[in-house]
*Asks:* 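I am attaching a structure below and will ask some questions about it afterwards.
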Number of protein chains: 2
Amino acid sequence: MHLLVSMVMSTVRSSTTPFICGLDAALRVVSGKWKPLILFFLAKDPKRYGELKRCVRGVSDKMLIQQLKELEVDGIVVRTDYKEIPPRVVYELSPFGFTLADALIPLCEWGTEHTDIIEKALVRRVTA
Amino acid sequence: MHLLVSMVMSTVRSSTTPFICGLDAALRVVSGKWKPLILFFLAKDPKRYGELKRCVRGVSDKMLIQQLKELEVDGIVVRTDYKEIPPRVVYELSPFGFTLADALIPLCEWGTEHTDIIEKALVRRVTA
DNA sequence: CAGCATCCAAGAAGATACTG
DNA sequence: CAGTATCTTCTTGGATGCTG
């Protein structure tokens, strides 16, 4: 049997959590329009708020703050407020956050490898 | 530098696609409330429509069909209509679909490993 | 600089009823 | 059996303006 399946099946059957399986749980953490990007740029190094906003092009304050907060309560991101004037707030990945980043590498590679196919597929979704 | 970062950065910089990075592209394929589950059950073996619906507990016809169609145009799932009466339609993963399933294994493991933490975090999201 | 508050638009998802 | 169609609801995300 496929490896993924055996893992999932056992998870499903013994489930005492609100999650259908481990993948379901993981997706709840990384789903969000800007979260992957935030993870990426923070995986490089810690960043101040404005710095991060410039990296994640096109994001609004509302969304950036919202997603950062969620990542923070999820324990992925650590926020440090230096209580200075003018304000200086730095965001960085926690050790836990880095384990997530590692787990995402294969999926990232998959996406990079098949970018063309995926792009064409998304176009088909609209026209069809 | 963290491995994920170097990968992503190169992707971002050379991007000629609508995607921010490979992970972004990949998430567009697997995001969807029922898609992970569909992938899981189909990774086990091909299934008829009704059979699949019984596996994915709680899904409506509308959503199941919609997500299956997207997975189909994405080339992840193959639909075979045997044109019988009563109807018999079988869904299964394509070879491409299996490569995606493989890429999801580490994320699935991560989610399974940290289910408790994630669950508590989601509760905090609501209360906070 | 680093946010918060408010309003509004768009898309995702549920409920219900019907068909070849 | 394997869907389709329509309506409504819920959730996400964007735009704008304001604050310590």
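First the proteins, then the strands, lettered A, B, ... as listed; each starts at 1.
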*Asks:* What verdict does the side-chain hydrogen bond (donor to acceptor under 3.5 Å, both in side chains) test give for B:Y49 and B:D61, after you've listed the backbone C-alpha separation in whole Å, the side-chain angles of each residue and the deciding distance to 0.1 Å?
*Replies:* CA-CA 10 Å; B:Y49 177 84; B:D61 283 319; 2.5 Å; yes

*Asks:* To the nearest 10°, let me know how far the axis at one end of the helix from C:dC1-D:dG20 to C:dG20-D:dC1 is tilted from the axis at the other, five pairs an end.
*Replies:* 50°

*Asks:* So which heavy atom on A:L93 is nearest to which on A:L39, and how close?
*Replies:* CD1-O, 4.1 Å

*Asks:* What contact category does B:Y91 fall into here, base, sugar-phosphate, or nothing, at under 4.0 angstrom with non-hydrogen atoms?
*Replies:* sugar-phosphate

*Asks:* Within residues 48-56 of chain B, find the residues that approach DNA chain D with a heavy atom at under 4.0 Å, and present them sorted by residue number.
*Replies:* B:R48, B:Y49, B:G50

*Asks:* So, taking the atom named CG in A:L64 and the one named CH2 in A:W34, what distance separates them when rounded to the nearest 0.5 Å?
*Replies:* 9.5 Å

*Asks:* B:D81 has an atom CG; how far is it from atom C1' of C:dG20, in whole Å?
*Replies:* 12 Å

*Asks:* Work out which heavy atom in B:P106 is nearest to a heavy atom in A:A103; give both atom names and the distance.
*Replies:* CB-O, 3.7 Å

*Asks:* So, are A:R125 and B:D74 salt-bridged, with charged N and O less than 4.0 Å apart?
*Replies:* yes

*Asks:* Measure CZ/B:R88 against C1'/D:dG3 and give the value in whole Å, please.
*Replies:* 17 Å

*Asks:* Is the side chain of B:S94 donor-acceptor paired with the backbone N or O of B:G75 at a distance under 3.5 Å, no angle test?
*Replies:* yes

*Asks:* What is the distance, to the nearest angstrom, from the CZ atom on A:R125 to the C1' atom on C:dA12?
*Replies:* 13 Å

*Asks:* Does any pair with a residue in residues 50-79 of chain A pass ring-ring contact (aromatic ring centres under 6.0 Å, His included), and if so which ones, sequence neighbours excluded?
*Replies:* none

*Asks:* Grab the CD1-C1' distance between B:I85 and D:dG3 for me, whole Å please.
*Replies:* 14 Å

*Asks:* Can you tell me the distance, in whole Å, between the NZ atom of A:K69 and the C1' atom of C:dG3?
*Replies:* 8 Å

*Asks:* Within the 4.0 Å limit for protein heavy atoms, which parts of nucleotides 10-17 of chain D are touched? Write it as a string from 5' to 3', B for base, S for sugar-phosphate only, - for none.
*Replies:* ---BBB--

*Asks:* Going by the rule side-chain hydrogen bond (donor to acceptor under 3.5 Å, both in side chains), which residues pair with A:R48 if we only count those two or more places apart in sequence or in a different chain?
*Replies:* none

*Asks:* Check whether the ring centres of A:W110 and B:F96 lie less than 6.0 Å apart, and answer yes or no.
*Replies:* yes

*Asks:* In whole Å, what is the span from the CG atom of B:L64 to the P atom of C:dA15?
*Replies:* 15 Å

*Asks:* Report the residues that fulfil side chain to side chain contact (heavy atoms under 4.5 Å, CB included) with B:K33, sequence neighbours left out, ordered by chain and then residue number.
*Replies:* none

*Asks:* Looking at A:K47 and A:E92, is any side-chain nitrogen of the basic one under 4.0 Å from a carboxylate oxygen of the acidic one?
*Replies:* no

